[in-house]
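Step one of this worksheet: look at the structure below.
In listed order, ligands and their atoms are each counted from 1.
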Amino acid sequence: MITLTIDGKKTQVVGGATVLEAARKLGVYIPTLCQHPKLTPFGGCRLCIVEVKGVPRPLASCTTPAAEGMEVTTSTPQLEGLRKTVLELILSDHPDDCMTCEKAGNCTLQELAYSYGMRENRFRGERRTYAKRDANPFIERDLEKCILCGRCVKVCKEVQGVSAIDFAYRGFQAKISTPFEHDLNCEFCGQCVSVCPTGALTGKGWAKKGRQVEVNEVDTVCGYCGVGCNLTLNVKGNEIARVTSREDTWNEGWLCVKGRFGYKFVNSPDRLTTPLIKKDGKFVEAGWDEALQYATDRLMEIKGKYGPDAIGGLSSARCTNEENYLFQKIIRAGFGTNNVDHCARL
Ligand code: FES
């Protein structure tokens with residue numbers, strides 16, 4: 001264990017922990033943009049600078065390892081002035097469209113600009129403009145809002161193991177790019193969207209569906225497969241505006257393309273909401289009691305005529321374990337046959 005002092009308070013962390021982690025353990029707030037607790041440190045934004053006794057310049061706390069006896073100060077007029085300058089530089093070519101931005105109200109850059117009172121900018125000048133929009137079906141990439149924090153690059157490589165994007169070019173031309181600047185063509189897990197601290201990456205289906213303050217967050221479990229990832233449905237009115245996942249869940253907030261973007265069926269007008277019974281070759285709407293009675297009568301008729309082995313049941317990986325257990329129970333105990341199978345076995 002290493003003992004260090006942060007803002008006059010002593011704390012202990014395990015060897016290898018950073019100054020930022022030590023500060024967070026103490027509940028001391030240090031602003032960050034590029035740092036993410038699940039990704040390796042990058043040290044790109046320089047907002048997390050701190051003063052360390054005996055070191056003549058500020059250090060990025062997210063990349064500085066805690067050391068025995070270290071004395072750290074996290075906030076001084078000089079540090080706050082430098083942070084404000086860094087923010088000014090980041091915002092100097094950032095679009096001023098918070099009023100219409102999808103991420104407004106849920107944007108780390110906006111929160112920092114608010115808390116540092118960024119009304120003026122001494123560095124306004126050349127703007128980056130990217131006319132081309134990415135034609136992929138799921139992820140809106142607005143590179144004008146990208147602050148090059150690199151979180152998307154890191155999550156794609158370190159969590160998803162895909163490396164579909166990386167930094168390209170240098171200086172003012174630097175940007176996050178796909179190989180040869182083609183349209184994004186990846187697994188579309190959307191981990192990059194979930195870690196983006198600005199409006200640079202959002203879901204294509206999210207546009208104008210509702211700001212974060214307007215949605216009701218409903219926690220649930222994904223029904224697409226047996227893994228059971230935790231989802232948070234962001235619901236506005238009676239419609240899912242988007243799907244997110246919390247970092248404190250067992251899946252750590254990471255999802256796959258189905259869980260994150262495959263939610264449109266819930267509000268689809270094509271969805272069956274009433275049972276249908278085929279009469280004279282045509283499906284006719286029926287009540288639940290009528291449909292269940294019809295199915296029971298027909299199954300019992302088949303069983304009586306041809307025996308229980310004339311009946312078979314095929315279940316689905318989209319059902320819960322409990323539903324699948326009950327399904328095999330009704331087939332085995334109710335109908336008396338072991339003709340039961342499950343699509344996941346394929
Ligand atoms: Fe430390 Fe960005 S959070 S440099």
Side-chain angles (χ1 to χ4, degrees), residues 2 4-7 11 13-53 55-67 70-94 103 106-116 118 121 123 128 143 145-159 165-167 170-172 174-176 191-201 247 252-253:
I2 286 166
L4 71 162
T5 308
I6 298 179
D7 293 345
T11 187
V13 286
V14 289
T18 63
V19 171
L20 180 68
E21 285 165 336
R24 285 190 175 157
K25 193 179 167 208
L26 271 176
V28 173
Y29 171 73
I30 299 176
T32 57
L33 265 176
C34 68
Q35 189 272 346
H36 187 282
K38 297 279 162 42
L39 305 174
T40 56
F42 174 47
C45 75
R46 318 310 282 183
L47 268 182
C48 68
I49 47 172
V50 292
E51 284 176 8
V52 176
K53 194 174 174 190
V55 180
R57 62 185 189 288
L59 297 176
S61 60
C62 70
T63 52
T64 304
M70 204 177 221
E71 289 180 38
V72 179
T73 307
T74 64
S75 182
T76 63
Q78 198 209 356
L79 284 175
E80 298 304 343
L82 285 169
R83 284 179 185 144
K84 200 166 173 182
T85 302
V86 166
L87 268 178
E88 266 186 283
L89 287 164
I90 291 171
L91 291 166
S92 65
D93 68 338
H94 196 84
K103 278 295 273 297
N106 189 25
C107 169
T108 315
L109 183 61
Q110 189 188 42
E111 282 162 26
L112 286 165
Y114 169 78
S115 63
Y116 279 87
M118 307 294 296
N121 197 312
F123 309 116
R128 294 172 299 168
L143 295 184
K145 292 179 188 166
C146 175
I147 57 168
L148 298 170
C149 69
R151 281 184 178 197
C152 54
V153 174
K154 280 185 170 285
V155 81
C156 192
K157 183 177 180 187
E158 295 174 10
V159 173
I165 45 176
D166 207 340
F167 286 91
R170 291 289 178 269
F172 201 64
K175 64 177 173 179
I176 305 299
Q191 315 316 10
C192 54
V193 176
S194 72
V195 297
C196 179
T198 73
L201 296 172
E247 281 175 28
E252 301 184 334

Under 4.0 Å from a heavy atom of [X]: give me the atoms of ligand 1 that qualify, with their elements.
{"X": "C62", "result": "1 (Fe), 3 (S), 4 (S)"}
{"X": "G44", "result": "4 (S)"}
{"X": "T32", "result": "3 (S)"}
{"X": "Q35", "result": "3 (S)"}
{"X": "C48", "result": "1 (Fe), 3 (S), 4 (S)"}

- How long is the span from the CD atom in E51 to the OG atom in S61, to the nearest 0.5 Å?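 Going from the CD atom of E51 to the OG atom of S61 covers 12.5 Å.
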
- Task: Report the distance from atom CG of L112 to atom OG1 of T198, rounding to the nearest 0.5 Å.
- Result: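 Those atoms lie 12.0 Å apart.
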
- Task: Give a yes/no answer: is there an N/O/S atom of C45 under 2.8 Å from atom 2 (Fe) of ligand 1?
- Result: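 Checking atom 2 (Fe) of ligand 1 against C45, an N, O or S atom does fall under 2.8 Å.
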
- Answer yes or no as to whether an N/O/S atom of C34 is found below 2.8 Å from atom 2 (Fe) of ligand 1.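 Yes, within the cut-off.
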
- Query: Charged N to carboxylate O under 4.0 angstrom, E21 versus R24?
  - Reply: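 Looking at R24 together with E21, the answer is no, because their closest N to O distance does not fall below 4.0 Å.
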
- Query: Which one of R151, H36, R46 has a non-hydrogen atom at the shortest distance from atom 4 (S) of ligand 1?
  - Reply: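 Shortest heavy-atom distance from atom 4 (S) of ligand 1: R46.
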
- If you draw a 6.0 Å radius around OH in Y114, do more than 12 non-hydrogen atoms from other residues or ligands fall strictly inside?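 Open: at most 12 neighbouring heavy atoms sit under 6.0 Å from OH of Y114.
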
- Message: Taking atom NZ as the centre, does K157 end up with more than 12 heavy-atom neighbours from other residues, nucleotides or ligands that are less than 6.0 angstrom away?
- Response: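 At most 12 heavy atoms, drawn from other residues, nucleotides or ligands, come within 6.0 Å of this atom.
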
- Message: Is the shortest side-chain heavy-atom distance between R83 and P31 below 4.5 Å?
- Response: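 The answer is yes, as the side chains (C-beta and beyond) meet within the 4.5 Å cut-off.
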
